[in-house]
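All values below come from the heavy atoms of this structure, side chains included, with hydrogens, waters and symmetry mates left out.
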Amino acid sequence: MTGGISPNINLGERIEPSKISTFNTPVRMKSIEQPETADFKTVMGGLVEQLNTDLNAPDQLMQDLMLDKADIHDVMAAMEKSEIQLSIATTALGNVIQTYEKVMQISI
């Protein structure tokens with residue numbers, strides 16, 4: 001800096017350590033936390049429950065529209081969202097069934 005004045009900033013003290021921080025200790029594969037994963041049945045069950053909730057949302061919004069508690073735009077958006085989600089779920093289910101059939105055709 002001009003006039004021989006330099007800022008007295010210690011960046012090492014200001015940096016907060018994180019899981020991948022290499023300032024104090026090296027990162028090793030065994031020190032990385034593995035997230036707890038649920039089994040396939042639990043994950044699929046949760047996705048189906050969420051899909052069911054989202055598919056029933058337009059019905060509730062339609063009832064609210066009849067009581068003048070909701071806007072028609074919200075109802076139409078919810079209907080389109082549920083239609084898209086149903087299409088995606090149908091496609092995903094078809095892919096899972098195709099994959100299962102291919103796995104079953106593998107001879108050992």
Here the side chain to side chain donor-acceptor pair (under 3.5 Å) pairs for residues 62-71, sequence neighbours left out, are Gln60-Asp64, Asp71-His73

Please determine whether residues Ile72 and Met79 belong to a single hydrophobic cluster, defined as Ile, Leu, Val, Met, Phe, Trp and Tyr linked transitively by side-chain heavy-atom distances below 4.5 Å. yes

Let me have the donor-acceptor pairs involving side chains of residues 46-57, under 3.5 Å, with sequence neighbours excluded, atom names and distances please.
from  : atom 1 : to    : atom 2 : distance (Å)
Gln50 : NE2    : Asp54 : OD1    : 3.2
Gln50 : NE2    : Asp54 : OD2    : 3.3
Asn52 : OD1    : Asn56 : ND2    : 3.4
Thr53 : OG1    : Glu49 : O      : 2.9
Asp54 : OD2    : Gln85 : NE2    : 3.1
Asn56 : ND2    : Asn52 : O      : 3.2

Donor-acceptor pairs are to be reported for all side-chain atoms of residues 98-108 against protein atoms at under 3.5 Å, with residues two or more places apart or in another chain.
from  : atom 1 : to    : atom 2 : distance (Å)
Thr99 : OG1    : Asn95 : O      : 2.8

Between Asp39 and Thr42, is a side chain to side chain contact (heavy atoms under 4.5 Å, CB included) present by the stated rule, with each step listed? CA-CA 5 Å; Asp39 60 345; Thr42 305; 2.3 Å; yes

Contact summary for Val75 and Leu61, nearest pair of heavy atoms: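 Taking Val75 first and Leu61 second, the nearest heavy atoms are CG2-O, 3.6 Å.
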
Indicate the atoms forming the closest heavy-atom contact of Ser82 with Pro58, along with that distance. OG-CG, 3.6 Å

